[in-house]
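These notes concern the structure reproduced below.
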Amino acid sequence: MDEISHELRLAVADAPPSRIDVDQLIRVERQRRRHRTWVWSGTGVAAAVAAAVVTPALIAGGPAPRTVPPAIGSPTASPTAEVRLCTGVTPKPSGPQPPLQSHGTVRDRPTEEPAAGVARLTAALRDGLRNRLPADVRIDPGQKGCAEPQFQYHPSYREYVVSGTVRRGKDSGLFLLRVAPTPRDEAVPNCAQAPDPENCEVVRYPDGSVALHSTMPAERRHRQLSVLLLRPDGTSVLAITNNGVDNSVETSKTADTPLLTLDQLAIVARMPGLTLYP
């Protein structure tokens, strides 16, 4: 029995009978310790994405979900054109690697080879960014030597991640996008899962997708926006942006608000080709 299990079981050992699922509570606490709360000082793409992953909710509730009407003329298929990759499919390790994530998923994990997945997802992303971003906004790639954003595959987390900088004129901010299999304990989104449950909304889309739209204020009027989209096919897409410089509160913000809105982040996350089950 590990430290977490010992602490929690001691807390309920002499308590009266209740409906609390202690085993579920232990699983959640392990995740909370494994994924640090996002505090604007993360370093590295993998650390930033891992820190931003929401934890499972124990209690249902919160405001009623918002349903978004279908978009007129929205595409339904992902691009099929070949894409030129500018960096390696798998980033080179820069330190001790985390253990392989072995949590259960709502659907069998995809068997697509990482190289094929990176090429397909990158093609969908680039095509979507050209057609869906505001005219005065662009996303510069985080990888050196790349002219456009590109996914990379992180084998420890078994997920695809792309990093970049969102820019409008002289203003800029962080941009992160993660595509991964949906864990079983995150299959039903709830604002209790959000970094700040007081600034969160559950949104339902006509295609059956459900998303958590979340805002997390920080010091000096910094703001982080995130959209966690759960597709009905078992794919989870997490999109994040903020209005900080180098992801740190120690430096100044670049704009009063992030350069993308929550709805615009959702448009990016909902790009038809961003799925692990094409």
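All residue numbers in this chain count up from 1 along the given sequence.
Every residue was checked against the side chain to side chain donor-acceptor pair (under 3.5 Å) condition with Ser214, not counting sequence neighbours, and none meets it. With sequence neighbours excluded, no residue forms a side chain to side chain donor-acceptor pair (under 3.5 Å) with Arg126. In this view, Asp171 satisfies the side chain to side chain donor-acceptor pair (under 3.5 Å) rule with no residue, not counting sequence neighbours. Remark: Ile267 pairs with Arg132 by the side chain to side chain contact (heavy atoms under 4.5 Å, CB included) rule, at least two apart or across chains. Asp140 meets the side chain to side chain donor-acceptor pair (under 3.5 Å) test with Arg138, Arg167; sequence neighbours excluded. Every side chain to side chain contact (heavy atoms under 4.5 Å, CB included) that Asp196 has, sequence neighbours left out, goes to Glu198, Asn199, Met216, Pro217. Every side chain to side chain contact (heavy atoms under 4.5 Å, CB included) that Asp136 has, sequence neighbours left out, goes to Pro134, Arg168. Every residue two or more places apart in sequence or in another chain was checked for a salt bridge (Lys or Arg N to Asp or Glu O under 4.0 Å) with Arg231, and none qualifies.
Under 3.5 Å, the side chains of Asn243 and Thr257 contain no donor-acceptor pair of N or O atoms. Side-chain polar atoms of Ser209 and Asp207 form a donor-acceptor pair below 3.5 angstrom. A side-chain donor from one of Thr87 and Gln150 sits under 3.5 Å from a side-chain acceptor of the other. A donor-acceptor pair shorter than 3.5 Å can be found between the side chains of Thr235 and Thr275.
Taking all atoms of both residues into account, the shortest heavy-atom contact from Thr182 to Ser236 is OG1-N, 3.3 Å. Closest approach of Pro155 and Thr90 over heavy atoms only: CD-CG2, 3.6 Å. The two residues Gly273 and Ala124 make their nearest non-hydrogen contact at CA-CB, 3.6 Å. The two residues Leu276 and Pro181 come nearest to each other via the heavy atoms CD1-N, 3.3 Å. Smallest separation of non-hydrogen atoms from Ala211 and Leu229: CB-CD1, 3.9 Å. Closest of all the heavy-atom pairs between Leu177 and Ala239 is CD1-CB, 3.7 Å.
The stretch residues 158-193 participates, sequence neighbours left out, in these ring-ring contact (aromatic ring centres under 6.0 Å, His included) pairs: Tyr153-Tyr160. Within the structure, every pair that satisfies the side-chain hydrogen bond (donor to acceptor under 3.5 Å, both in side chains) test and touches residues 105-114, not counting sequence neighbours, is listed here: Glu112-Arg120. The list of disulfide (SG to SG under 2.5 Å) pairs with a residue in residues 94-184, not counting sequence neighbours, reads Cys86-Cys146.
You'll find the side chain of Gln152 stays beyond 4.5 Å of the side chain of Val89, heavy atoms only. The closest side-chain heavy-atom distance from Thr122 to Leu85 is below 4.5 Å. With a 4.5 Å cut-off on side-chain heavy atoms, Val227 and His213 count as touching. Using a 4.5 Å heavy-atom cutoff, the side chains of Ser172 and Val166 are not in contact.
Counting only distance, with no hydrogens or angles, the side chain of Gln264 and the backbone of Thr261 share a donor-acceptor pair below 3.5 Å.
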Task: Full working for side chain to side chain contact (heavy atoms under 4.5 Å, CB included) between Leu265 and Thr241 - done: CA-CA 8 Å; Leu265 267 188; Thr241 192; 3.9 Å; yes
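Hydrophobic clustering, with ILVMFWY side chains joined whenever heavy atoms are under 4.5 angstrom apart, keeps Val202 apart from Val106. Transitive grouping of hydrophobic side chains (ILVMFWY, heavy atoms separated by less than 4.5 Å) brings Tyr277 and Val179 into a common cluster.
Ile139 contributes atom CD1, which lies 6.0 Å from atom CG of Leu260 (distance to the nearest 0.5 angstrom). Leu121 contributes atom CG, which lies 11.5 Å from atom CE of Met271 (distance to the nearest 0.5 angstrom). Rounding to the nearest 0.5 Å places CZ of Arg130 at 9.5 Å from CG of Leu125. Put simply, CG on Leu230 and CG on Leu212 are 7.0 Å apart, with the number rounded to the nearest 0.5 Å. Within the model, atoms CG of Leu238 and CG of Leu228 stand 5.5 Å from one another, a figure rounded to the nearest 0.5 Å. The OG atom of Ser163 sits 6.5 Å away from atom CG of Leu176, with the distance rounded to the nearest 0.5 Å.
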